[in-house]
Amino acid sequence: MQFPKHLPSLCSPSCQSMGRGSGLRPSAQAGEGKSQNRGGVCLKCRNQCEGLILGESVGEENCRITDSQIDHIQFEHTINIQKHIPCHKLHSFYGNAGDVSEAKIRQILSDYQEENVIGWYRQRRNTRQQMTFMEQVVHQNMRKILSDHELVFMLLTPSQATASGSTHRLEFSAFIWHSSQYINIPIFVSNLGNLEQQDYWRVSGTCPSLGQSEAVNQHRTKFFCSGDDLKEVRNISSMNDGLFGEMQKVCKEVEKSERAVEKLQEEIKQLKEQKKHSEEKETQTHASRDGLKENVLLCSALRKLFPDAPSLRTQTLTVQGLPVLELCCNTDHNIDIPAKLPLILENQHTRKEDTAPRLRKKSLVAGFPQRLKRKRKTKDTSESASDSGSDTEIEMNGQNRSISPTF
Amino acid sequence: MWKCCTVINKRTNQRKRILLDCTSHNGSERGTFRVRRISSLYESRSEHGERGSNGALHRRAHFLNMRHRLAEMTGRPMRVVGWYHSHPHITVWPSHVDVRTQAMYQMMDQGFVGLIFSCFIEDKNTKTGRVLYTCFQSVQAQKGSEYERIEIPIHVVPHEAIGKVCLESAVELPRILCQEEQDTYRRIHSLTHLDPITKIHNGSVFTKNLCSQMSAISGPLLQWLEDRLEQNKQSIIKLQKEKEQLTQELASL
């Protein structure tokens with residue numbers, strides 16, 4: 001097929017799409033024509049995937065002389081895809097702004113030469129056959145880095161063709177930057193063509209020439225083996241068998257590696273689950289430990305200052321805000337008060353010297369102090385703290401002194 | 001390789017043969033669904049003229065033989081659930097011959113499905129290539145004795161790794177093509193009335209055809225296998241590192 005001058009065509013080997021999504025396997029058939037194609041495009045059909053395309057760019061000038069035209073020159077530019085390198089994730093060689101990293105491209109290429117890169121590809125499901133703005137930016141930046149080549153961008157878009165889900169399609173096209181815009185170039189997929197056996201001769205031509213028979217018999221041994229077999233046929237069959245043997249060998253290795261990958265993925269999955277489970281368990285343990293954490297210093301201080309008020313050493317309150325006596329801490333934490341809390345002793349000493357108020361608590365179960373009342377000093381009605389009921393009374397001497405320990 | 005799962009919608013009011021019961025797509029009716037899970041593809045030799053009812057019977061016998069072989073390879077019971085063929089350069093829709101062939105298969109197995117792959121299609125205007133596949137069965141037409149196609153939803157189940165059967169199936173394809181070429185050549189070569197020049201010519205045709213197969217199928221397939229092997233080796237290295245890291249993290253917890 002001829003193309004306008006300077007406009008390349010793309011020769012692509014048979015596409016083999018495997019894996020997720022619309023995993024297709026079109027029959028690969030070898031072909032006639034200008035297929036100098038080696039390799040196949042193997043894609044894991046995830047929702048989106050991308051990678052680099054390797055190959056070569058070939059230009060050919062054809063000069064044709066016809067009756068109408070003495071000099072008809074046609075230039076054919078063919079880009080042959082030889083192989084592809086899939087990227088393990090998106091944005092492997094470019095950033096979010098579309099800036100391409102040459103170092104990352106080299107890393108992806110590993111053993112291959114940068115000169116072999118003829119483009120890149122992207123596969124995205126259920127989208128249009130149109131380059132996105134990001135893809136255009138990436139392509140332009142790639143062209144700046146790999147300026148020697150006519151870079152091509154191949155877009156593959158699998159999608160559902162019918163509403164029932166009975167028919168699916170994979171569309172693919174190639175884009176290049178030409179005359180300040182992106183244009184599609186035709187793609188040839190190598191095809192075995194029609195292998196009708198019409199090329200074989202089933203009947204020999206009749207030629208009674210003795211000279212011909214003599215000449216043919218003289219050179220016969222160059223073509224025929226012992227018996228009637230042709231050497232050429234044996235040789236090509238041996239070569240083909242060798243190729244099959246090689247294919248079988250590599251196939252077995254691939255199969256082993258597939259199982260190895262599967263096994264590792266399964267192990268990693270189990271390890272991740274174990275890790276998640278352990279992390280959840282540890283989080284729960286931490287939470288419960290934090291919940292029961294006690295401020296032992298505070299508890300010891302309160303015990304020292306208010307030995308008769310165990311309710312102060314509770315961490316649990318009722319809905320009404322009243323301390324729960326059953327959950328009060330009665331543990332002696334053996335804190336060295338003089339060393340750890342010297343100010344308490346100072347305060348305690350100060351309190352003993354002070355003749356002012358003495359907190360008389362009857363019971364703190366019923367509630368916090370509900371009233372402060374001046375105790376009327378009468379001879380008859382002097383009451384002791386134990387007889388005054390459940391209310392808390394504070395004896396005041398005119399000064400409002402806080403009885404809380406100071407730290 | 002892909003694992004393909006087809007869903008067949010059958011309203012079985014009389015027979016309660018419900019393997020999977022779910023709501024249909026429009027959400028308004030309930031139907032019974034039967035799911036056919038396709039796990040392997042197996043190529044068979046192309047035999048001319050074996051379409052229609054005779055072809056279906058011959059193929060069925062061949063499939064039964066293959067079933068035993070596949071069962072041995074996979075280590076689990078296998079069953080032939082359908083057939084597939086390609087439509088190069090033409091549309092994906094089954095021809096009337098395809099529909100009739102499918103109908104014959106269904107007489108032996110109601111759940112038998114047909115897959116057609118259409119490839120080497122190009123839209124000349126947009127220069128976009130296309131590959132399509134469809135799944136179908138046959139039903140008796142309302143008028144007349146002919147059959148018509150019904151659509152069968154098909155869903156491809158994602159699968160990371162390629163199974164042994166599928167790999168061997170891929171490698172078997174060029175062998176089948178080579179075998180066909182050799183059979184044709186031997187048949188012609190055995191004709192006794194051919195002179196040496198004719199035989200040399202036929203040998204060259206055989207060489208040419210085999211070269212085409214090596215160039216366009218075996219070579220690219222071998223390269224794909226080598227690339228796949230290389231990718232897997234790199235994946236194994238990465239996965240092993242990830243596994244070690246996870247093991248260390250787990251030990252520290």
Side-chain angles (χ1 to χ4, degrees), chain A residues 13-14 18 20 22-24 26-28 30-31 38-40 42 83 129 161 164-173 184 186-187 189-192 197 199-202 204 216 220 223 230 232-233 236 240 243-244 247 250-251 253-255 257-258 260-262 264 267-268 271 274-275 278, chain B residues 1-2 86 117 119-120 126-135 151-154 156 158 161-162 164 167 171 175 178 184 188 194-196 198 200-203 205-207 210 212-220 222-229 232 235-236 239 242-243 246 249-250 253:
Chain A
S14 48
M18 297 187 189
R20 300 172 183 243
S22 58
L24 306 171
S27 58
R38 300 288 179 267
C42 170
K83 68 177 290 164
Q129 264 290 321
S164 63
S166 65
T167 308
H168 300 260
R169 71 170 152 244
L170 168 71
E171 289 185 321
F172 53 92
S173 58
N184 282 89
I187 299 179
V189 180
S190 60
N191 187 355
L192 194 61
Q197 276 78 36
D199 287 341
Y200 288 107
W201 291 349
R202 286 165 173 78
S204 294
V216 167
R220 189 194 165 90
F223 295 90
L230 278 155
E232 187 185 17
V233 169
I236 196 70
N240 200 39
L243 189 55
F244 285 156
M247 218 186 304
V250 178
C251 179
E253 286 176 41
V254 169
E255 205 267 320
S257 65
E258 294 285 329
V261 166
E262 251 183 342
L264 277 167
E267 284 171 0
I268 285 170
L271 282 170
Q274 276 179 31
K275 186 184 164 192
S278 297
Chain B
M1 192 55 193
W2 46 271
S86 62
F117 294 88
C119 43
F120 306 114
T126 59
K127 298 191 184 74
T128 302
R130 220 169 270 150
V131 177
L132 296 99
Y133 64 96
T134 190
C135 185
E151 293 181 351
I152 302 296
I154 181 168
V156 177
I162 304 173
K164 183 182 177 183
L167 278 170
V171 168
R175 281 188 191 272
C178 176
T184 306
I188 291 168
L194 299 178
D195 63 19
T198 304
I200 292 168
H201 171 266
N202 288 342
V205 171
F206 175 79
T207 303
L210 227 58
S212 294
Q213 289 177 17
M214 283 195 284
S215 172
I217 300 181
S218 306
L222 183 56
Q223 183 176 342
W224 174 78
L225 285 166
E226 287 168 357
D227 290 347
R228 181 78 183 184
L229 182 63
N232 284 349
S235 292
I236 285 169
L239 289 170
E242 193 182 343
K243 183 185 164 186
L246 279 169
E249 283 173 14
L250 209 56
L253 282 175

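Reminder, nothing fancy here: chain letters follow the sequence lines and each chain counts from 1.
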Side-chain donor/acceptor of B/Asn202 to backbone N/O of A/Trp201, under 3.5 Å
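At least one qualifying donor-acceptor pair exists.
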Ignoring hydrogens and angles, tell me if any N or O in the side chain of A/Ser257 forms a donor-acceptor pair with the backbone of B/Asn232 under 3.5 Å.
no
Chain B heavy atoms under 4.5 Å from [X]: which part of the residue, side chain, backbone, both or neither?
X	answer
A/Glu258	both
A/Phe223	side chain
A/Glu232	both
A/Val261	both

Flag the pair A/Asn240 / B/Cys178 as yes when at least one side-chain heavy-atom distance between them is below 4.5 Å, and no otherwise.
yes
Quick one: does B/Met214's side chain get under 4.5 Å of A/Ile236's, heavy atoms only?
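Yes, at least one pair of side-chain atoms sits under 4.5 Å.
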Return the minimal non-hydrogen interatomic distance between [X] and [Y], and the atom names on each side.
X	Y	result
A/Phe172	B/Arg130	CE2-N, 3.7 Å
A/Met247	B/Leu222	CA-CD1, 3.7 Å
A/Arg220	B/Pro196	NH1-CG, 3.4 Å

Select one option (side chain, backbone, both, neither) describing which atoms of B/Glu226 are under 4.5 Å from chain A's heavy atoms.
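B/Glu226 touches chain A through backbone and side-chain heavy atoms alike.
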Residue of the set B/Val131, B/Thr134, B/Ile154 for which side chain to side chain contact (heavy atoms under 4.5 Å, CB included) holds with A/His168:
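Between A/His168 and the candidates, side chain to side chain contact (heavy atoms under 4.5 Å, CB included) is satisfied uniquely by B/Ile154.
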Donor + acceptor pair across side chains of A/Gln129, B/Thr128 (<3.5 Å)
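No, B/Thr128 and A/Gln129 have no side-chain donor paired with an acceptor closer than 3.5 Å.
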